Every structure is written in structure tokens, then in C-alpha cells.
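All values reported here derive from a predicted model rather than from experimental measurement. The sequence lines fix the lettering, A, B, ..., with proteins before strands; numbering per chain opens at 1.
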Amino acid sequence: MTELGFGKERRLLTATDYQSVFNGASFRVSRRQILILANENPSGKTRIGLVIAKKHVRLAVQRNRLKRLTRESFRHHQQLLNGLDIVMLARGGLDKLDNDAVTNMLEQLWQDLCKRRNHNARQ
RNA sequence: CGAGCUGGCCAGGCAGUCGCUGCCCGGUUGCUGGUUUUGCGCAGUUUUGCGUGAAUUCGGCACCAGGUGGAGGAAAGUCCGGGCUCCAAAGAGCAAAGCGCCAGGUAACGCCUGGGGGGUGAAAGCCCACGGAAAGUGCAGCAGAGAGUAGACCGCCUAAGCGCAUAGCGCCGGUAAGGGUGAAAGGGUGCGGUAAGAGCGCACCGCGCGACUGGUAACAGUUCGUGGCAUGGUAAACCCCGCUUGGAGCAAGGCCAAAUAGGGACCCUUCGGUGUGGCUCGCACUGGGUCCGGGUAGGCUGCUUGAGGUUGAUAGUGAUAUCAAUCCCAGAUGAAUGACUGUCCCAGACAGAACCCGGCUUAUCGGCCAGCUCGAUUU
RNA sequence: GGCUGGAUGGCAGAGUGGUCAUGCAGCGGACUGCAACUCCGUUAACGCCGGUUCGAUUCCGACUCCAGCCU
């Protein structure tokens, strides 16, 4: 298993997985077009789930594009986010950004999330 | 060469690194299920049964390595038509809905092909929900005299008859040629005719009906006969005629199954009730007896070999069909087909499969090929 | 993914083949010392594009948008 892999065990799979993150979200970082919720995973795995509603991003091509970009970014930064269950929610207007903008934004969000986590750990 | 029309095709390429997923092949790897042989223990009269250990071999899952495949012409809208599944073995009648020139194609269609008719364009071509209004009912505001058995507002006429009493006026009337209204005013043009007019008569055009000819038919015809001429519009108003349609949908349906609640399956009976698609019939359930399984979260399946693609031959004007050879070409399930870097060019539009096909419609950068029309020029 | 329903002034909400009610809101006026209430008057709409019809908000087709249901 390589360090940058992205298999089934790295994803949130069921409705109950999503519910646990939504109900007890310990971390919450956002930008205008993206909201990220996260929670410590009890078994120490790193997993991500995507919520990109049709209401916010109308075209299927755009939804697929955003999912791919997010997964790719997550895949590259998963060492940083070790042991978290993460849910990424898209807001309106995200489909208007190009690939570079989305990738940069996600990178900043990962950093924010990491800082928030370290801050909590010290307290 | 320019302007235009029709049909078909393509949908950024290449290299490297990282990543996702289906299938195939392999593994001194891990977990797990079975086959065969055999050791030991227990039971038994024996065949043997149970427990346990070893070897053997066949799978399944995970992981690793390699190979190979991985969005569209519209995948879209869900507007039609089918397959498939369940509802009863999907049946009968009514109601309701859809379609509508003719012939053919097709599994089927509201689609396609060919033909006819109408419209449009200089032409190639393009467009058309294109049955019936002499079966019946309804509708047409306003305007207008009159809106469907036509109709005297203005106008025209005053021959015949009557009155005044005389180139005239009035009464009784006549008249659809002209004006005006309207979306629409009941064949058109000309001549005759007349008081003025009128298919009143005639000629030509148009129209209806019948015959004949051509065509499978729709329909057509410098054809013949006949009728003075009707049958205004609206059926995407009700309707009539002909044809078609049972309803739901893969979140259909089937299987395995934590939790939770009390029902569930089979047999017998048919008064009432409930349900199945709008109603009726019909059918199923509810009632009594016997026996224990049923099922939410979740998982598996349905799930991709098909009215299939490619090439060729044959039949046909064509849509298409038949035959032969050959190929296997996405199958995901929080949902794969991507990201980054470099490079080239004509600088990449619209846009992402979700059970599967056939169409239609809508979105769309740019390019290629073939055929046709018109114009210009040269030989 | 599939299946339904809808779109009428700023808001709510009827309606029908012939220039669309009604209420609230807005504006102007009357009443009042000023307001409220009340009364009178007035502005403003059929989602968009085609077709059928003499005429479409209504009938038919396509498009856009908004709700709801099935897991």
C-alpha cells in the first residue's frame, strides 16, 4: 500500500458514516464556496466523503470535475490529515472556479484544518 | 472561383509520473469453505457416524506483480415506441386517451423511406397534426342592414298598378351591379339581356356529380357526359369514421439477513368488508382449522451478448431485409474513466453512462468527404 | 435514476376561446387639530418561443424555472 493510494477504505461509505461526522463535527473550516466538516476517526483511519448537491452545482460534468479535484487533493495531503473523517460540502458558485483555483483553495483548507486540530490538542 | 442546398464522418494528438475501476493470468503470502487419503479417541453386530490432528487437491475473499478494457453524438430533455419485471394465467365489456393523405419498412412508434396534394424559393431544395363540416349539436365579441333557411343602410330603378295632376313627386314595389362594415358578405371575367338588375341566358375559367383512361392506392387527366352553381369558417370545439392502447416501473422484481414489532405460510368456505388501474364482471385477501417462520439497517443479484458492431455479397428507387465471415466493445454503486508536467497543431464547443434498445427534440467550437443548384471567368 | 404537479400585478389568489375578478400593499384625494378606521379614485400581471383560430392567458407542441413523491 503506497502512501498516496485512494481505495475504498479511504472513503465514507454509508449514511451512518456521514451522520456521525455531521452530528459530532469537532472541526469546521470554510470558504465562500466550500464547507469542510471533520471528526476524529476512532480507529485512526483517514476517510473523506463528498456532498455536492445538484441544487448548488447544476451540471453533472461540473459535479464530477469537483469530485475528482477534491479526491486528488485529498490523496496528496492525506498524511497531513491522518486519522480524520472529513466531509466536504460544495456551495453555490464552486463550479465557476477553474481547476487551479479549486486546488489552491482546498490546500489552504487542509492547512487550516490541521492548525485547528493542533490548537485543540494543546489545550 | 463565389453564393447556396442536401447527406455522411470526426469530436485534440503524443510522452512521462501518480491515482480509480471491470476482466484475464500468476503467487514459498494471509484468512476462509469443501474434496480425497490417513492417524488417534468415542459410539455401534456391520456398512458407518461424531470429534480432533496431518497430508492432498479444488475454490472464494484480501493483498502483491503483470497484461488488457474503461462515457456520448447528443450519454441530456423524459416527448413517443418496444424489450424485461411485478401486479392473476393480463382476461371480457364500458369509459378514457392517442394517432389520422396513400403505399411500404420495422419488434413497435407520433419514427423512417418512396409517392400524392398544398405552400414557399430564381433553382438545388425546404416546410405542412394533410380523414370527415350535404349524420347531428355548438361557437363567431365589437362593427355591420344582414353572420348562414342570406341580407335593402347608402345607392340604383320606377316598366306594370294606384294617387297628386304631369319633363316631376309619392305609394305599392323591384334590385345584390356599386359603396360601406367585418377575419369572413353565398363563384370570377366578358357579352347579351333589362326599368334597373340578377347564372336570367350564352362563351371561357373555376366547381360538384357520373363515366372512361393511367396508377396497388392517395390522386391525376388539352378526355366525355351532366348540373346553372350548390357544399362559407371552426373538428389543436363536442362529435362521426378508421386504427391503436390493461396498469405500474430496475427505487421494477428476486435472494441472504443484525435490530425491532407481532404476525406469517398452507387447506376449507364465500354473507359482508377491503384491495387490484376509472367503473362493472372476474380475481386476491380478511373468517375457521393445521403448521412455524417473517423481516428493517446493511449486503448480494437484476447488470450487460445485444431487434449488437465491422466487412462483403445479394434483393429493392429507398427505408430495410437475407446470407456469409469476423469481433466482444463501460458496468460504476457516495458512485470509476482523472490530476500534474512537457510538447505539437488547425488551440479543442456542447457536455458525463446508472436496466437495455429504436426514434424525436433541444445544446454545440471547428474541420473533412461526397453529391446537387445558380452565377462569373477561362479554354 | 424514475414519476407527478405548477408558473396570472410587489404579495396572496379566482377565472375563462373575445382587452383578467377580489383582498392586502403602493400612490393621490376626502374625513381629522394630526393620525388610525372608513370612503372615493388610481398605477401595475397571464414564465418564454412557435403553431391551430378571424382572435389564445385559455387549445396543441417545444424550452426555462420552481415544488413534491419513490430509497
Participant: Using atom P of each nucleotide, how far apart are B:C292 and B:A335 to the nearest Å?
Facilitator: 48 Å
Participant: Does B:G193 have a Watson-Crick or wobble mate here (both distances under 3.5 Å), and if so which one?
Facilitator: none
Participant: Counting only Watson-Crick pairs (N1-N3 plus N6-O4 or O6-N4) and G-U wobbles (N1-O2, O6-N3), all under 3.5 Å, who is the partner of B:C266?
Facilitator: B:G289
Participant: What is the per-nucleotide protein-contact pattern of nucleotides 330-337 of chain B, from the 5' end, where B denotes a base atom under 4.0 Å from a protein heavy atom, S denotes such proximity for sugar-phosphate atoms only, and - denotes neither?
Facilitator: ---SBSSS
Participant: Distance check, rounded to the nearest 0.5 Å: A:Leu84 atom CG versus A:Leu37 atom CG?
Facilitator: 12.0 Å
Participant: In whole Å, what separates the P atom of C:C59 from that of C:G18?
Facilitator: 12 Å
Participant: Under 4.0 Å, counting only non-hydrogen atoms across every strand here, what does A:Lys55 touch: a base, just sugar-phosphate, or nothing?
Facilitator: nothing
Participant: Want to know the stems of RNA chain C: at least 3 consecutive Watson-Crick or G-U pairs with distances under 3.5 Å, which are they?
Facilitator: C:1-7 with C:64-70, C:10-12 with C:22-24, C:26-30 with C:38-42, C:49-51 with C:59-61
Participant: Expressed in angstrom and rounded to an integer, what is the separation of A:Asp100 atom CG from B:A339 atom P?
Facilitator: 11 Å
Participant: Taking atom C1' in both B:C250 and B:C303, compute the distance separating them and give it to the nearest angstrom.
Facilitator: 10 Å
Participant: Looking across every strand, which nucleic acid part, if any, lies under 4.0 Å from A:Asn99 by heavy atom: base, sugar-phosphate, or nothing?
Facilitator: sugar-phosphate
Participant: May I have the distance from A:Arg63 (atom CZ) to B:A76 (atom P), rounded to whole angstrom?
Facilitator: 12 Å
Participant: What is the pairing partner of B:A62, taking Watson-Crick or G-U wobble pairs with both distances under 3.5 Å in any strand?
Facilitator: B:U29
Participant: Students often get this wrong, so: under 4.0 angstrom with heavy atoms, is A:Arg58 touching a base, only sugar-phosphate, or nothing?
Facilitator: sugar-phosphate
Participant: Residues from residues 101-111 of chain A sitting under 4.0 Å of RNA chain B, heavy atoms only?
Facilitator: none
Participant: Can you give the donor-acceptor pairs under 3.5 Å from side chains of residues 50-62 of chain A to other protein atoms, not counting sequence neighbours?
Facilitator:
| residue | atom | partner | partner atom | Å |
| --- | --- | --- | --- | --- |
| A:Gln62 | OE1 | A:Arg65 | NH1 | 2.3 |

Participant: I'd like the C1' distance from B:G182 over to B:A140, given in whole Å.
Facilitator: 12 Å
Participant: Under the criterion side chain to side chain contact (heavy atoms under 4.5 Å, CB included), which of A:Gln108, A:Arg91, A:Met105 is the partner of A:Ile34?
Facilitator: A:Met105
Participant: Please give, in whole Å, the distance from B:G352 C1' to A:Leu66 CG?
Facilitator: 13 Å
Participant: Please report the distance separating the C1' of B:G16 from the corresponding atom of B:A353, rounded so that it comes out in whole Å.
Facilitator: 30 Å
Participant: Can you check the distance between C:U4 and B:G249, where both ends of the measurement are the C1' atom (answer in whole Å)?
Facilitator: 14 Å
Participant: Between B:A11 and B:A71, how far apart are the P atoms? Round to whole Å, please.
Facilitator: 11 Å
Participant: Nearest-Å distance, NZ (A:Lys54) to P (B:A354)?
Facilitator: 11 Å
Participant: Hey, what's the ring geometry for A:Trp110 with A:His77, parallel, tilted or perpendicular (30° and 60° as the breaks)?
Facilitator: tilted
Participant: Check every atom of B:A339, B:A351, B:C18 against the side chain of A:Leu59 and return the nucleotide holding the closest atom.
Facilitator: B:A351
Participant: Measuring only the P atom in each nucleotide, how far is B:C238 from B:G100? A whole number of Å is fine.
Facilitator: 16 Å
Participant: How close or far is atom P of B:G352 from atom CZ of A:Arg65, stated in whole angstroms?
Facilitator: 13 Å
Participant: Pull out every protein N or O sitting under 3.5 Å from an N or O of nucleotides 362-365 of chain B, one pair per line with the distance.
Facilitator:
none

Participant: So, using side-chain contact (heavy atoms from CB on, under 4.5 Å) as the criterion, who are the partners of A:Asn41 when residues are at least two apart?
Facilitator: A:Ser43, A:Lys45, A:Arg47, A:Asp85
Participant: Counting only Watson-Crick or G-U wobble pairs whose two distances fall under 3.5 Å, which nucleotide matches B:C42?
Facilitator: B:G49
Participant: Find the distance A:Arg75:CZ to B:C18:C1' and express it as a whole number of Å.
Facilitator: 5 Å
Participant: Backbone N or O of A:Asp17 within a donor-acceptor pair of the A:Ser20 side chain at under 3.5 Å?
Facilitator: yes
